Amino acid sequence: MIPVHPALPLPGSDALRRRTDTPHAVIGMDVWNTEWARQQLERLALRTVLADDRLTPERVLETLAAQSVAFVCEELPVSGLAALAWAARRAEELRRHDPHLGVVFAVEDPRALDPSALGPLVRTLSPGDTDLNAFVDEVQRVRREFHWELRNRHSAVPHRSVASAGTRPARWTGAVPNFNVKHPSMLLPYALLSARTSQEVYCEISPQEALLFVADSAGREPVSTVAEVFRRLRQDVDRLNSALGSRLRLHLDHADDYEVVRAACEAGFDSVMVDGSGRALHQNVLFTNTATELARRYDVLVEGEIGCIDGAGLRKWSKTPLPDFVRFVEDTDLDFIGAHVGQFHSFDYGFAATRRSLAEIDLLSDSAGGDDLHAFAAACAQVEQSLTAAGLPAYSAEHRLIASMVRRAMDVEGPDAGQRLDTVLCEARASVPAFQHPLLQELETKWLEQRLEKAQRKTGLWDGIFATEPARGHRHAAVDHGLVRAFTKVLENSGRSLVVHGGSSLTKVDLTSLRAHGVARVNFGSDVFADYLEALRAHLPVDLRSLTGDGTWLHLRRMSYLAEVTRDWRSWTDAPPPFIDTFVSRLEQRYAAPLRTRTPAQPFGGRN
């Protein structure tokens, strides 16, 4: 291993930690021995590993930790169309263990190969290049989007004991409802409910909901887009509280990323849920503690969760075990703790999965820019293989025709620079004999097939992102009240309280029992949104059956309808339309009232 900086830092020093975080670059010995290439690579200040015939790049990649190598740099031994095929094959070989490994091919002539024909996270390096640092940053950014562990591996704040953290803000007493914000216009009825009942009411938004239901633009950076949503929601909540005298509070739901937690804290949220429940208990504790320390610096109430709540209500055996709950309570310093007590969700909060899908869409879009030279190069390679399989020698006119089209398509500096690929095809048809026209037609077909495959892949990814609500009939969960009492007994006199998610899956009888159990907050989502859509029909009639289904088209229909009917919702504060009053009454009767009507002396509902 040849380090770029020969001076090694002292063990335990900050310099050592920074060096440990620095990615590797695996460099072919022939590239390293080229002076102009070595100078550019040294400027990156990466940890360098030299590879040769004995220590091949593949062996190096197998030895080093996954995702610790930013890129592999090798010479490109061939040129022209053969170089495209060779580069594609070589990139596939190197990415056997890491599909997001950067691959760099060193070429003396920058005109030898157009990088846009090479596919995502593959580029060339030639004399005079100045943007190799940007390429390394892009590789690292994409990996962070795909790998939760890379984003959350280190503490987001300097280490500090809990004892020295900020003071906890004031809390409410009793049980309060917490309603999902699937659209910003839902804030008004929530604030009206709080004002009319003189009670605290919470409204919550998950990063998934912020991105898919509230954001005006998806953008290329999910976290920055979500952060902007958080800031606007905070402004709207403050405006409503000032105008209506309400006590509407803003909560971040199901956040499993330090970046998202930080964004909510900086926006001024009243509380945040740091959700590591989808991971092993040890990982959950580590993530929860670090995220809690971050939130404490902003004097924000913190909720954690132990036990992954069933998304479909089918895994009845997945309730949170009492020993796990006890350990989680002992090892964390939370204000609220959510657990699986038999309820279920009806919404997918998989923001990490959405980030992966959006990153893959971006990679596909980047490689498909303009006429999609990458797809054209792949089509030419397929036609070349067909010609060879048909017995045509490499010097045949047909091989030369395809090679010349590739050269013209990738001409970035000559007289044909910027030539559209359909123009290249049209000019070829005008200059070749009739018997070669089927060959050109085959090339065009392969090119379109390559582009269609990418488009279909992106469509599938979008459908997966927006398939947020599992299709199921309305069913109620069976709350394990004995388990709820056991959990609240553990929390007794600890200053912490239990939170129950999946409130829409609970019967009214179960809801009336939760305050007596000592539950501090119940989260409601899917049924509230359905009730809101039903109330909106009185304002702008619509056949709600047209708003059902799944995937992207369901989301498009719903959001289009909401945008039309609520486009001026901020002007409703002084004189809300009648349907808002109807919806507020529904919120009070179905969700808020049951949480404050039963006393500890009354019997519990549901099953013990």
Side-chain angles (χ1 to χ4, degrees), residues 21 23 65-72 88 91-92 94-104 115-116 118-123 131 133-154 156 206-229 254-263 275 278-279 287 348-369 372 374-375 450-451 453-468 551-552 555:
D21 293 339
Q67 288 87 47
S68 68
V69 178
F71 65 86
V72 173
E92 184 177 355
L94 293 171
R95 288 172 170 172
R96 186 169 46 137
H97 299 296
D98 178 9
H100 305 111
L101 173 71
V103 181
V104 178
S116 61
L118 295 175
L121 303 183
V122 184
R123 60 156 292 165
D131 60 345
N133 265 315
F135 176 73
V136 174
D137 291 342
E138 175 66 6
V139 172
Q140 298 297 83
R141 185 194 70 79
V142 169
R143 281 177 168 166
R144 283 172 58 81
E145 293 301 300
F146 274 90
H147 298 284
W148 182 91
E149 292 77 8
L150 294 180
R151 297 194 299 273
N152 298 281
R153 181 175 53 189
H154 301 292
S206 69
Q208 182 87 331
E209 289 168 317
L211 187 65
L212 305 186
F213 286 83
V214 182
D216 292 333
S217 173
R220 289 181 60 89
E221 296 291 342
V223 173
S224 60
T225 302
V226 166
E228 177 58 30
V229 170
H254 291 285
D256 63 349
D257 257 296
Y258 298 134
E259 299 166 317
V260 175
V261 174
R262 182 188 294 278
D275 184 7
R279 291 168 174 81
F287 169 75
D348 175 19
Y349 293 94
F351 185 60
T354 293
R355 292 183 70 165
R356 290 193 298 269
S357 296
L358 290 173
E360 186 171 353
I361 290 170
D362 285 343
L363 288 175
L364 289 169
S365 299
D366 289 344
S367 69
D372 197 345
H374 178 246
Q450 289 281 335
R451 300 179 72 179
E453 183 179 344
K454 291 182 183 180
Q456 290 174 334
R457 173 60 182 159
K458 287 193 287 185
T459 297
L461 290 168
W462 282 119
D463 283 341
I465 290 172
F466 289 118
T468 55
T552 304
H555 185 77

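What's counted below: heavy atoms across the whole structure, side chains too, no hydrogens, waters or symmetry copies. Keep in mind that what you see is a predicted model, and the values were worked out from it rather than measured.
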Considering non-hydrogen atoms only, spot the tightest contact between Q450 and A375 and give its length.
CB-CB, 3.6 Å
Between the OG1 atom in T552 and the CZ atom in F466, the distance rounded to the nearest 0.5 Å is 6.0 Å
Indicate yes or no: does R262 engage E259 in a salt bridge with an N to O separation below 4.0 Å.
no
Looking only at heavy atoms, what is the nearest atom pair of Q208 and G350, with distance?
OE1-O, 3.6 Å
With a 4.5 Å cut-off on side-chain heavy atoms, are H555 and L212 touching?
yes
Which pair of heavy atoms, one from V139 and one from A70, lies closest together, and at what distance?
CG1-O, 3.4 Å
Taking the side chain as every heavy atom from C-beta outward, state whether V103 and F71 have any pair of such atoms under 4.5 Å apart.
no
R123 with D131: basic N within carboxylate O range, under 4.0 Å:
yes
Name the residue from D137, D362, L121 that meets the side-chain contact (heavy atoms from CB on, under 4.5 Å) definition with V142.
L121
Separation between CG (L150) and CD (E145), nearest 0.5 Å, reads 11.0 Å
Within this structure, what is the CG-CZ distance for the pair L101 and R96, rounded to the nearest 0.5 Å?
12.5 Å
Looking at CG of D257 and CG of D275, how far apart are the two atoms once the value is rounded to the nearest 0.5 Å?
11.0 Å
Identify the heavy atoms of P222 and F351 that sit nearest to each other, and give their distance.
CB-CZ, 4.0 Å
Heavy atoms, side chains only, cut-off 4.5 Å: are S357 and I465 in contact?
yes
Answer yes if the ring centres of H100 and F146 are under 6.0 angstrom apart, and no otherwise.
yes
Among all residues two or more places apart in sequence or in another chain, which pass the side-chain hydrogen bond (donor to acceptor under 3.5 Å, both in side chains) test with K458?
S365
Does a donor on one side chain sit under 3.5 Å from an acceptor on the other, for E209 and S206?
yes
Which of these passes side-chain contact (heavy atoms from CB on, under 4.5 Å) with L211: V223, V229, L358?
L358
Using 0.5 Å steps for rounding, measure from the CG atom of L118 to the NE2 atom of H374.
7.5 Å
Correct closest heavy-atom pair for V122 and A91 would be CG2-CB, 4.4 Å
Would you say the ring centers of F287 and W148 fall short of 6.0 Å from each other?
yes
Can you check whether R144 reaches N152 side chain to side chain, under 4.5 Å on heavy atoms?
no
Distance col, row E138:CD vs Q140:CD, nearest 0.5 angstrom, shows 10.5 Å
Please list, chain by chain and in numerical order, all residues satisfying salt bridge (charged side-chain N to carboxylate O under 4.0 Å, His left out) with E360, sequence neighbours excluded.
R457
Could you tell me which non-hydrogen atom of A255 sits nearest to which non-hydrogen atom of V260, and how far apart they are?
CB-CG1, 4.0 Å
4.5 Å side-chain heavy-atom contact, H147 and Q67
yes
